[in-house]
2 protein chains.
Amino acid sequence: MPGPHKWRHRFQAHVTRWTVPREAILNLLMSRPSKHMSAKEIYASLYRMYPGIGLTTIYRTLDLLVRAGLINRFTSGDGQNMYEFKSEEKKEHHHHLTCIQCGKIIDYSDFVEEELEFIKKIEESLARKHNFKVLGHNIEFYGLCDKCK
Amino acid sequence: MPGPHKWRHRFQAHVTRWTVPREAILNLLMSRPSKHMSAKEIYASLYRMYPGIGLTTIYRTLDLLVRAGLINRFTSGDGQNMYEFKSEEKKEHHHHLTCIQCGKIIDYSDFVEEELEFIKKIEESLARKHNFKVLGHNIEFYGLCDKCK
DNA sequence: TTACTAATGAAAATGGTTATCATTATCATT
DNA sequence: AATGATAATGATAACCATTTTCATTAGTAA
Ligand SMILES: [Mn+2]
Ligand SMILES: [Mn+2]
Ligand SMILES: [Zn+2]
Ligand SMILES: [Zn+2]
């Protein structure tokens, strides 16, 4: 019997039932904004409090949350998917700086203003030129972090 | 007994022997610049002329070519890696526009000038701010193509 | 409380990629 | 051209993140 929740209504636009695992997964991601986690890491975190939880449900719920627009999914260097809670604030839009050695992921939001403006310009051009409906973008820089270089 | 090859010297900076499978893979990718192929697709293409070729060797050679800087590797929407021959010309630097419905990948190089300038600016800022050595970037826009929207 | 059925989770399947290892082929040397 | 050291190959099995299957459980409207 899950409880009330700030995001319950948004969730329910995509799915009918509000369940314990769904609440747990969303709460975990919300509790650590700007924390990047894999499905396995989420499973490990929740296993203590919910020993019965299944990895399958984690994957399904993450899909759901991505579709509902509450979290972001991106692919880390080693191929597995990572997830992070998506803040409501536009100003917190950010991109990633990834260390190819240790896998560390740094959020950065320098030049967001300029960047978003530039991105918008490119998107409009691409939409016109290729008759393409642009829905989003992935921008990532990679290299060696402080410790690894 | 593989033959001479334009890139043989560049190849041999990373590895000692010049072999038939290596030549075949490189030739295939060179013959279709701006064509994006998966390891499996490369395997299928080469199988006719080289029925003995192994998928393992394809993966190993692709790694090699990426390390040698002759090809690009990037991850497609469905998780598998794609490869493309990398042109020498700086001016042919491009990014990708991917259809999330049918998987079509469009190369675009609009705004490369501005884009590269902007990227350089960000890279310098990130290097300074996070003491990070930036080695490259991945920039991709996604959405729905002409046919799929 | 009941009934409907969406959601769950254990188990098996999938699929791309990597590791192992006996065999083969390249290439410097003879 | 023949030899030999060993890098490279390829068949096979392993790996591992993710998905599918299906019997069971639990959320919700009535
Ligand atoms: Mn982030
Ligand atoms: Mn391309
Ligand atoms: Zn690092
Ligand atoms: Zn399409």
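Naming convention: chains lettered A, B, ... in sequence-line order (proteins, then strands); numbering from 1 in each chain.
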Taken to the nearest whole Å, OH/Tyr43(A) to P/dA17(D) is 13 Å
Whole-Å distance between dT17(C) P and Ile42(B) CD1? 10 Å
Return the value, rounded to whole Å, for the distance between atom CD1 of Ile53(B) and atom P of dA25(C). 13 Å
Do His96(A) and His137(B) have ring centroids that are under 6.0 Å from one another? no
Can you hop from Phe74(B) to Leu62(B) via hydrophobic side chains spaced under 4.5 Å? no
Which nucleotide in the set dT20(D), dT9(D), dT18(D) lies at the smallest distance from any side-chain heavy atom of Tyr59(A)? dT18(D)
Holding to side chain to side chain donor-acceptor pair (under 3.5 Å), I want the full list of residues that pass it with Glu114(B), two or more places apart in sequence or in another chain. Lys121(A)
Nucleotide nearest Arg17(B) when distance is taken to its side chain, options dT17(C), dA8(D), dT18(D): dA8(D)
Check DNA chain C against residues 60-82 of chain B and give the residues with a non-hydrogen atom under 4.0 Å, in numerical order. Arg60(B), Gln80(B), Asn81(B)
Taking dC27(C), dA10(C), dT18(D) as options, the one with an atom nearest any side-chain atom of Thr56(A) is dA10(C)
Among dT8(C), dC27(C), dA10(C), the one nearest Pro21(A) by side-chain distance: dT8(C)
When you check the gap from the basic side-chain N to the acidic O, do Arg73(A) and Asp63(A) get nearer than 4.0 Å? yes
Taken to the nearest whole Å, CD/Glu23(B) to C1'/dT26(C) is 13 Å
According to a 4.5 Å side-chain heavy-atom criterion applied to Ile, Leu, Val, Met, Phe, Trp and Tyr, with indirect links allowed, do Leu26(B) and Tyr59(B) form part of one hydrophobic cluster? yes
Is the shortest side-chain N/O distance from Ser38(B) to OP1 or OP2 of dG16(C) below 4.0 Å? no
Over its full length, what angle do the end axes of the helix from dT1(C)-dA30(D) to dT30(C)-dA1(D) make, each axis taken from five pairs and the result rounded to 10 degrees? 40°
Would a distance-only check, ignoring hydrogens and angles, find a side-chain to backbone donor-acceptor pair under 3.5 Å from Lys133(A) to Cys148(B)? no
Whole-Å distance separating the NZ atom of Lys40(B) from the C1' atom of dG15(C): 7 Å
Closest to the 5' end of DNA chain D, once Arg22(B) and Pro51(B) are matched to their nearest nucleotides, is Arg22(B)
Can you confirm whether the side chains of Glu84(B) and His94(B) place a donor and an acceptor under 3.5 Å from each other? yes
Any side-chain N or O of Thr57(B) less than 4.0 Å from the OP1 or OP2 oxygen of dG10(D)? yes
Is it true that a side-chain atom of Thr61(B) and a backbone atom of Ile58(B) form a donor plus acceptor pair closer than 3.5 Å? no
Length of the line joining Leu55(B):CG and dA11(D):P, which is rounded to integer Å: 10 Å
Looking at Gln80(A), is its backbone amide N or carbonyl O close enough to the side chain of Ser76(A) to form a donor-acceptor pair, meaning the two atoms are under 3.5 Å apart? yes
Output the rounded distance in Å from OH (Tyr83(B)) to C1' (dT17(C)). 9 Å
Interatomic distance, CG@Asp110(A) vs CG@Asp107(A), rounded to 0.5 Å, equals 11.0 Å
Expressed as a whole number of angstroms, how long is the span from Glu41(B):CD to dG16(C):P? 10 Å
